[in-house]
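Let me begin by presenting the structure, written as structure tokens, before commenting on it.
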Amino acid sequence: MPIVRGYVRADGTPVRSYFRWAPGARREMGILAGVALAAVVLGNSGVASGSGNSPRPQSTVQYPITFDAPAMKAPRPQPTVSYPIPWVREVGAR
């Protein structure tokens, strides 16, 4: 929304600053408001079931939780190359 700064008319009447809609902005804002209202109305239409209670997920966990011993072991790391990698030592380093 552009702002019109205060000015003095040719006949000497002072005009305070005010905001003014840009050309075509009222129509666009009306369309945007209509789309937003439709999205809210249509988006919230099927949330609740007929009895007024929304469905709740059922718990599928079984307590106490136990872990198998073989599954707890971490795999041993394996080398990714089959050839030796030579490490170059810097001159003067010990």
Side-chain angles (χ1 to χ4, degrees):
M1 242 184 326
I3 184 170
V4 178
R5 295 187 179 162
Y7 61 95
V8 178
R9 291 185 182 167
D11 62 355
T13 308
V15 178
R16 294 187 303 175
S17 62
Y18 60 93
F19 290 102
R20 178 174 75 184
W21 287 88
R26 287 186 192 269
R27 179 178 176 272
E28 291 176 4
M29 184 58 77
I31 292 172
L32 179 65
V35 169
L37 181 64
V40 168
V41 169
L42 296 176
N44 291 333
S45 63
V47 172
S49 61
S51 64
N53 297 330
S54 25
R56 301 281 181 220
Q58 299 297 320
S59 177
T60 58
V61 67
Q62 295 179 355
Y63 292 101
I65 298 174
T66 57
F67 296 99
D68 298 331
M72 293 293 290
K73 287 186 178 179
R76 296 191 82 180
Q78 297 293 325
T80 56
V81 295
S82 60
Y83 54 88
I85 300 174
W87 296 99
V88 179
R89 292 181 71 167
E90 293 182 27
V91 177
R94 289 188 175 195

*With rounding to the nearest 0.5 Å, note down the distance linking CG in L37 to CG in L32.*
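Going from CG on L37 over to CG on L32, the span is 11.0 Å.
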*Heavy-atom pair with the smallest gap, counting every atom of G6 and S17*: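 Taking G6 first and S17 second, the nearest heavy atoms are N-CB, 3.4 Å.
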*Evaluate the side-chain proximity of I31 to R27: yes if any heavy-atom separation is below 4.5 Å, no if none is.*
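Yes, their side chains come closer than 4.5 Å.
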